[in-house]
Amino acid sequence: MPQPDGDLPPDLWTRPRIAAALATCDMATVIEGVREARGWSQGDLARAVDYSQSWVSRVINGQQALTVTQVQDLARRLAIPLHLIRFTGTPPRDGPAPKGVDGTKRRDFGRAVAAGALITTVPHPPVRNGEEHAVNETTAPALRSITGGQRRMDATSSARHLLPSAVAHVHLSEHMLTNSRGTPFFTELSAAASEARGFAGWLHADQGDMGSARMHYRTAVVRARQAGMRLLDVYMLGSLAAFEIDTAEDPELGLGLVREAEHVLGPAAHPTARAWLNCVAALAHAGTGDAHAAVHSLGQADREVARPGNSDPPWPWVFAFDEAKVAGYRALVGVRLRQPHNARAAFAEAFGPTSPSAKQSAVLQVELASAHAEAGDVDEAFRLAQDALTTGVRFNSERVIGRVRSFRRRYRGPHANCVDALDDRLASLMTDLSATG
């Protein structure tokens, strides 16, 4: 009979054959590896995944291509971490698809389930003689309080100024985690390292360093799972999903990560976690053009923030997630779905008494500018873009500046003086950067 999920060998995902299969989306090999590791027959495997034995046999033999939904379903049922699966490269137009992948779906498949490089474990550097530092019950809380303080400072500080200390803090957290192996403090220090990694990912994304951001976010997921803390796992998975959706502009991939986070979260969780994850899902759905699913997710978020007990955010959330935050996501969804009037109404609610930090406000301003441009209000659109650019330059935020550039590239409306003014300013900014670079 099928064994429970916990009986999978902990090193399964790093074994060369399975690691190579995960890295190339060879689902036939991955599924067969799980079957062998559990000592299952094909019948046992079929019962575990709730498919027929003949269908399972065709999958394992590479005769049955899988759809996106089937891969996600199999990963969930077999405890295959979705964020480890990577679709590397696109085959020639008329060439063969990777084993087990539907050739007609390969582009969507890659976006939906590819979470990048394999990161089941991140090696800890050896501790040299004389470098041992004792850890105790105060070490993890101290490290976490530093990360929390840095996250609060991000609201009013340049990411460029915060980044060196945040990266140094990552190194310190990892060093302390290494020293905690074999102690009762390893779990808590894994959580502290996860938080430090997640914040470093956020700062790197703000500076436009996508590779470093993705590396830190993925390692944050690994550390959260070492800690065995469900909310932290969900927070880091959701943060990686939000990065892929909104910064890397890959909503299909982000949606796959959201699905995994929902599975980890389970049905009973703090309203903040559920509301936030529903908002991230709504943004992903909007990015894929699924208006019905986006609206449904936003409705779920509204119900969660209205539940009793949502006023105090749970760790690792630092700030409350309230109606204004949901309105901000509703506005973003409206822009993605090209519904400018709905977007502008939601932006008015999002910029209420609990409006976000200056940098986050600037990001929303660019989105609001897009809504105004879509509605034909060109002067207001470019005024908002100019204001956002001012904030982006003041905080040296490539996240904000890049969005203003993207807004200008997408604009196809009538020519006007305000358009020329933004063009001149962007050109001047590029000249200044070239001179200082």
Side-chain angles (χ1 to χ4, degrees), residues 68-69 72-73 76 82 111-112 230-231 233-247 249-314 317 319-356 360-361 363-364 367-368 370-371 374-375:
V68 174
T69 301
Q72 292 174 335
D73 184 47
R76 178 178 59 82
L82 192 61
R111 290 175 177 170
R230 186 186 297 263
L231 275 183
D233 191 345
V234 169
Y235 182 82
M236 292 308 171
L237 268 175
S239 296
L240 176 58
F243 165 79
E244 298 292 0
I245 295 163
D246 203 36
T247 303
E249 298 182 354
D250 196 342
E252 292 91 350
L253 170 54
L255 190 57
L257 292 164
V258 168
R259 293 280 184 256
E260 185 174 356
E262 289 172 340
H263 176 62
V264 172
L265 185 62
H270 193 283
T272 288
R274 299 188 64 80
W276 174 71
L277 201 54
N278 273 301
C279 284
V280 176
L283 201 56
H285 287 305
T288 64
D290 190 342
H292 176 77
V295 170
H296 175 75
S297 292
L298 287 172
Q300 290 285 98
D302 280 328
R303 285 187 285 276
E304 293 295 340
V305 297
R307 283 174 56 186
N310 190 50
S311 55
D312 296 323
W317 280 262
F319 304 105
F321 198 84
D322 54 16
E323 290 84 355
K325 293 287 181 63
V326 177
Y329 278 93
R330 185 177 292 106
L332 296 176
V333 166
V335 172
R336 303 294 189 277
L337 295 176
R338 301 177 70 87
Q339 299 172 349
H341 298 293
N342 292 342
R344 288 195 290 182
F347 275 118
E349 184 180 349
F351 282 104
T354 58
S355 60
Q360 284 298 96
S361 293
V363 170
L364 290 176
E367 300 287 350
L368 180 55
S370 298
E374 187 74 20

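- In this structure, R330 and D302 have side chains that are in contact, with non-hydrogen atoms separated by less than 4.5 Å.
- A327 approaches A350 most closely through the heavy-atom pair CB-N, 3.8 Å.
- Within the 4.5 Å cutoff, side-chain heavy atoms of Q300 are placed close to those of R303.
- The NE2 atom of H263 lies 11.0 Å from the CG atom of L237; values are rounded to the nearest 0.5 Å.
- For the pair I245 and L253, the minimum side-chain heavy-atom distance is 4.5 Å or more.
- One distance of note links CD of E374 with CD of Q339; it measures 10.5 Å at 0.5 Å rounding.
- With contacts defined as side-chain heavy-atom distances shorter than 4.5 Å, the pair D233/R230 does not qualify.
- Relative ring orientation between F321 and Y329 is described as tilted, the plane-to-plane angle lying within the 30° to 60° band.
- Of all heavy-atom pairs between R344 and A371, the closest is CG-CB, 4.0 Å.
- Residue S239 holds its OG atom at 11.0 Å from CG of L257, rounded to the nearest 0.5 Å.
- Between C279 and L298, the closest heavy-atom pair is SG-CD2, 4.5 Å.
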Legend entry - Candidate pair L364 and L332, rule side-chain contact (heavy atoms from CB on, under 4.5 Å), full reasoning: CA-CA 8 Å; L364 290 176; L332 296 176; 3.9 Å; yes

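- For F243, the ring-ring contact (aromatic ring centres under 6.0 Å, His included) partners are Y217, not counting sequence neighbours.
- Residues G238 and V280 come closest through the heavy atom pair O-CG1, 4.2 Å.
- Under the salt bridge (charged side-chain N to carboxylate O under 4.0 Å, His left out) criterion, E262 pairs with R259, not counting sequence neighbours.
- Once rounded to the nearest 0.5 Å, the distance linking CD of E349 with CD of E323 reads 7.5 Å.
- Legend: residues meeting side-chain contact (heavy atoms from CB on, under 4.5 Å) with D290, ordered by chain and number and at least two apart, are H285, T288, H292, A293.
- Counting non-hydrogen atoms of other residues, nucleotides and ligands closer than 6.0 Å to CZ of R338 gives a total of 12 or fewer.
- N278 places no side-chain N or O within 3.5 Å of a backbone atom of A281 that could act as its donor or acceptor partner.
- Contact of the P251 side chain with the L283 side chain is not registered, since no non-hydrogen atoms from C-beta on lie closer than 4.5 Å.
- Minimum heavy-atom separation, H341 to A375: CE1-CB, 4.4 Å.
- In this structure, CG in D246 is found 6.5 Å from CD in E367, a value given to the nearest 0.5 Å.
- In this structure, W276 and V234 approach most closely via the heavy-atom pair CZ3-O, 3.9 Å.
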